[in-house]
*Asks:* 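Handing you this structure, nothing more for now.
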Amino acid sequence: MVWIPAFAGMTLTFMDFQLKSSFKPTGDQPKAIKSLLKGFSAGLSEQVLLGVTGSGKTFTMANVIAHLNKPTLIVSHNKTLAAQLYQEFRDFFPKNAVSYFVSYYDYYQPEAYVPQSDTYIEKETEINEEIDKLRLAATTNLLTRRDTIIVASVSCIYNLGSPKEYGNFVLEMAVGMKVARESIFSRLLDLQYEKTNFEFTRGSFRVRGDIIDVFLAYEDSALRIAYENNTITGISRFDPITGKTTEELKVMVIYPAKHFMADPNKNKDVFNQIKEDLDKRVKELKMQGKLLEAHRLSQKVNYDLEMIQEIGYVNGIENYSRYFDGRKPGDSPYTLLDYFRHPYGKDWILMIDESHMSIPQIRGMYNGDRSRKQTLIDFGFRLPSALDNRPLTFTEFLVRQPQTLYVSATPSEYEIEKARSSVVIPTKVGIYPGSRVKPGMTVNPIAEQLIRPTGIVDPEIMIRPIEGQVIDLAREAILRKKKGERVLVTCLTKRMAEDLAEFLHEKKYMDLPEFKDVKKDEYPSVTYLHSDVLTLERSDILDELRGGKYDVLVGINLLREGLDLPEVSLVAILDADKEGFLRSQTSLVQTMGRAARHISGTVILYADIVTGSMERAIKEITRRRTIQLHYNRTHHITPVQVSKPIREKLIEHKPDENRPLVLALDTKKKVHYEKLLAIPTDSLTPKDTGRLIKKLEASMKDAATELNFELAATLRDKIRDIKFESNLVK
């Protein structure tokens, strides 16, 4: 194979962050921005932004980024909030590289083994191609542009492959470069692009005479490479749908279609090392009397090596990443954080949004992953090296932290204490470069942002008895519907959320005397939202609530969605006196804050007693409300209702046909697993067979989400049997 040389003119693009907004910092935003910039310029390692809901924390973060002018990673604890932040920062920095990095699985069942029943569950995934594209765009931006902001979920601490190897695997071209077209083909295949003669899809290339078309894996555009007599005569970018040329290029760099890459020049040594470790492990298993496990491991690893040799990739190649990365046993994996560290060292910024939720997630990822993999290793399904394909431990995460900003309306003691004990990064002159802070000046590492630019204050809080809470809620929802306002309701379980949504949407209370005068169009439309709802569908439901398709949204832990809904005037918390995570002080404060976007924001706590968490949460909300009211009186501010446009969808997708738009249309959705498995299929019509398959697939995903892999595997096998019997598969 002829290796294509790097183009000498390739450089990292340096561009300033350009904040675009029709607003200027108001309220206590200027004070918070000034405080944070002083802390960063003084070299403080960690700071906290304590900002109430609706105070413009995101705008403050954007101003800090624009002033610091450094690459920034923003970590969120869930995909929905990450998507919202991505859209906001994309609007704030339209000329800069704003990227989105979350797990690309719509459905993920990890490889697992259940020794009790000798059940092996093969890894099964449904990859969202659009999210995969955005992930690849994020790493590409980091290696090519300094003006990069990446909004990520906690998947940013998972093994991603070496940034050095990823950066080395490129195809660099320039007009006038002499190169054989076979070399281009070989290089594209090395980069995991697939050659196609028919369907031209993302991550593929096609050849038409003296033209090579490449559909980039990380963009919506494609490249057209023209050559003649082994010389590149033209490079252009075009729309793969219309075929219209959008840009003529002189130089172009194509990055890989996948993150995990295997360098063919290193494969021989790597394969030898894997085989040595395989032989050693097989001997260990045989000495323990585990002959079946030894045979199983030998077959599995040899098959994987053959696949990597043939096509450079295999499903599960990440389990061998330690060898290809050149890491030693136990060494930490390469993650998105290393893609920042590779070009920038510690000269970048980390912002952790909703830190009271995100930090515990980061801390807990490692142990859960290790437990599952250790079982696979013990029973001969994986080499011990699989343990090195893992998320970072919390200690490893801390080592990689640059200067960090924790952002939350309710920061935990961990963030507060870390900020208070924040150290100053030392330099040769003793003061951080570019510092506005003079020796002896004090820097407060905790910035409070309690005043909303709109003048809206924290909601009024009422406590009502649990008895009759559903009927009282229905009455309140009707009142809000008449005013064109929205309602959020939180309960304790998924089943309660679905049942309550059905009860309210079906108007099963309308025959009660107190509702006899309510007109038909005054009854609210209701839906639910919880973890079973697909990632991208959640954003659609929230947009539909804002747009008026729904008047009431019922959920469990709605604070985890990072809701920004100015139309919501009422937040109702059912069973508020049931102490626990969902009714802790932090959760209550966060949930009540969802009503703080509306000028008439109100919270109703349905409870028979006032718990300690309720008392502390009410006290904190009252403290903030008192400060806000005093500020408004002092500055003669009249609160103004928030009006916020509904953003275009992050990713266009087809709605899930299995989940009805309104819960009540499918009252038999929750059929018990055993009943589903027991349904005789030989007498079903083709239409009923299709319905059964959809129900089984939904149940399989539910079981996998609940980590019930054995049940998920049983349901999977049932689906395969039905499809085979019905001639739906060959």
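FYI, the numbering just counts along the sequence from 1.
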*Asks:* Taking atom CD of E228 and atom CD1 of I211, what is their separation to the nearest 0.5 Å?
*Replies:*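 Rounded to the nearest 0.5 Å, the CD-CD1 separation comes out at 10.0 Å.
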
*Asks:* For K346 and Q401, indicate whether the former's side chain and the latter's backbone hold a donor-acceptor pair under 3.5 Å.
*Replies:*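 It does hold such a pair.
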
*Asks:* Judged by atom type as modelled, is there a donor-acceptor pair below 3.5 Å linking the side chain of S186 to the main-chain atoms of E182?
*Replies:*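 Judged by distance alone, yes, a pair lies under 3.5 Å.
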
*Asks:* List the steps and the verdict of side chain to side chain contact (heavy atoms under 4.5 Å, CB included) for T148 and W348.
*Replies:* CA-CA 10 Å; T148 295; W348 54 284; over 6 Å; no

*Asks:* Mark yes or no for whether N230, through its side chain, and K178, through its backbone, hold a donor-acceptor pair below 3.5 Å.
*Replies:*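 No; zero donor-acceptor contacts below 3.5 Å.
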
*Asks:* How many angstroms lie between atom CG of L392 and atom CG of D338, to the nearest 0.5 angstrom?
*Replies:*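 Spacing of CG (L392) from CG (D338) equals 7.0 Å.
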
*Asks:* Do R327 and S321 come within less than 4.5 Å of each other through their side chains, counting heavy atoms only?
*Replies:*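 Touching, per the 4.5 Å side-chain cut-off.
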
*Asks:* Quick one, Q84 with S76, criterion side chain to side chain contact (heavy atoms under 4.5 Å, CB included). Give me CA distance, side-chain angles, the key distance, then yes/no.
*Replies:* CA-CA 10 Å; Q84 178 182 308; S76 169; over 6 Å; no

*Asks:* Could you check whether the rings of F185 and F205 sit parallel, tilted or perpendicular, using 30° and 60° as the cut-offs?
*Replies:*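 Rings of F185 and F205: parallel, under 30°.
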
*Asks:* Report yes if some heavy atom in the side chain of R400 is under 4.5 Å from a heavy atom in the side chain of I157; otherwise report no.
*Replies:*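 Not in contact.
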
*Asks:* Would you check, one step at a time, whether the test side chain to side chain contact (heavy atoms under 4.5 Å, CB included) holds for R370 with T393?
*Replies:* CA-CA 11 Å; R370 184 179 180 88; T393 65; over 6 Å; no

*Asks:* I377 and R281: which non-hydrogen atoms are nearest, and at how many Å?
*Replies:*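 Heavy atoms of I377 and R281 come nearest at O-NH2, 3.1 Å.
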
*Asks:* Do S332 and R390 come within less than 4.5 Å of each other through their side chains, counting heavy atoms only?
*Replies:*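 Touching, per the 4.5 Å side-chain cut-off.
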
*Asks:* So F340 and Y344, would you call those rings parallel, tilted or perpendicular, with 30° and 60° as cut-offs?
*Replies:*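 Geometry flag for Y344 against F340: tilted rings.
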
*Asks:* Hey, does F381 have a side-chain heavy atom less than 4.5 Å from the side chain of K373?
*Replies:*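 Not touching, per the 4.5 Å side-chain cut-off.
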
*Asks:* Could you work out, with side chain to side chain donor-acceptor pair (under 3.5 Å) as the rule, every residue matching D239, not counting sequence neighbours?
*Replies:*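 Residues passing side chain to side chain donor-acceptor pair (under 3.5 Å) with D239: none at all.
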
*Asks:* If you compare all heavy atoms of N159 against all heavy atoms of D388, which two are closest, and at what distance to 0.1 Å?
*Replies:*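 Closest approach of N159 to D388: ND2-O, 4.4 Å.
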
*Asks:* I'd like to check I317 versus I308 (side-chain heavy atoms, cut-off strictly below 4.5 Å). Are they in contact?
*Replies:*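 A side-chain contact exists here, since the closest heavy-atom pair is under 4.5 Å.
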
*Asks:* To the nearest 0.5 angstrom, please state how far the CG atom of L188 sits from the CD atom of E194.
*Replies:*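 Atom-to-atom, L188:CG and E194:CD are 12.0 Å apart.
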
*Asks:* Is the closest side-chain heavy-atom distance between I65 and F93 below 4.5 Å?
*Replies:*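 They are in contact (side-chain heavy atoms under 4.5 Å apart), so the answer is yes.
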
*Asks:* Do we see a donor-acceptor contact under 3.5 Å between the side chains of S153 and S155?
*Replies:*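 Distance-only check passes for S153 and S155.
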
*Asks:* If you round to the nearest 0.5 Å, how far is NZ of K70 from CZ of F40?
*Replies:*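 Reported to 0.5 Å precision, the distance equals 8.5 Å.
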
*Asks:* Under a 4.5 Å cut-off applied to non-hydrogen side-chain atoms, are S236 and R224 in contact?
*Replies:*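 A side-chain contact exists here, since the closest heavy-atom pair is under 4.5 Å.
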
*Asks:* I'd like to know if the side chain of S21 reaches the main chain of F92, judged simply by a donor and an acceptor atom lying under 3.5 Å from each other, with no hydrogens or angles considered.
*Replies:*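 Not confirmed, S21 side chain does not pair with F92 backbone.
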
*Asks:* Mark yes when over 12 heavy atoms from residues, nucleotides or ligands other than E247 sit less than 6.0 Å from its CD; otherwise mark no.
*Replies:*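 Enclosed.
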
*Asks:* Atom CG in L134, atom CD1 in I150: separation rounded to 0.5 Å?
*Replies:*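 So the CG of L134 and the CD1 of I150 are separated by 11.0 Å.
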
*Asks:* So which heavy atom on F89 is nearest to which on V98, and how close?
*Replies:*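 So the two residues come closest at O-CG2, 3.7 Å.
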
*Asks:* Indicate the atoms forming the closest heavy-atom contact of L73 with L336, along with that distance.
*Replies:*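 Minimum heavy-atom separation between L73 and L336: CD1-CD2, 3.9 Å.
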
*Asks:* Compare every heavy atom of I349 with every heavy atom of P402, then report the nearest pair and how far apart it is.
*Replies:*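 Nearest heavy atoms, P402 then I349: CG-C, 4.2 Å.
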
*Asks:* What I'd like to find out is whether the side chain of I225 reaches to under 4.5 Å of the side chain of V214, using heavy atoms alone.
*Replies:*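 Yes; the side chains approach each other to less than 4.5 Å.
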
*Asks:* Classify the ring geometry of F324 against F271: parallel below 30°, tilted from 30° to 60°, perpendicular beyond 60°.
*Replies:*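 Plane angle over 60°, so perpendicular.
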
*Asks:* In terms of side-chain heavy atoms, does R237 have a donor or acceptor partner in S221 at a distance below 3.5 Å?
*Replies:*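 Per modelled atom types, R237 and S221 side chains form a pair under 3.5 Å.
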
*Asks:* Provide the closest heavy-atom pair for Y193 versus I254 in the form atom of the first, atom of the second, distance.
*Replies:*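 Reported closest heavy-atom pair: OH-CG2, 3.7 Å.
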
*Asks:* Take the angle between the ring planes of Y255 and Y218 and call it parallel below 30°, perpendicular above 60°, tilted in between.
*Replies:*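 Y255 and Y218: perpendicular rings.
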
*Asks:* Run the side chain to side chain contact (heavy atoms under 4.5 Å, CB included) check on V75 and C156 step by step: do they pass?
*Replies:* CA-CA 8 Å; V75 178; C156 67; 3.9 Å; yes

*Asks:* Got a second to check how far L387's CG is from Q374's CD, nearest 0.5 Å?
*Replies:*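 Answer rounded to 0.5 Å: 5.5 Å.
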
*Asks:* Taking side-chain contact (heavy atoms from CB on, under 4.5 Å) as the definition, give me every residue that meets it alongside E306, ordered by chain and number, with sequence neighbours left out.
*Replies:*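 Here no residue qualifies.
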
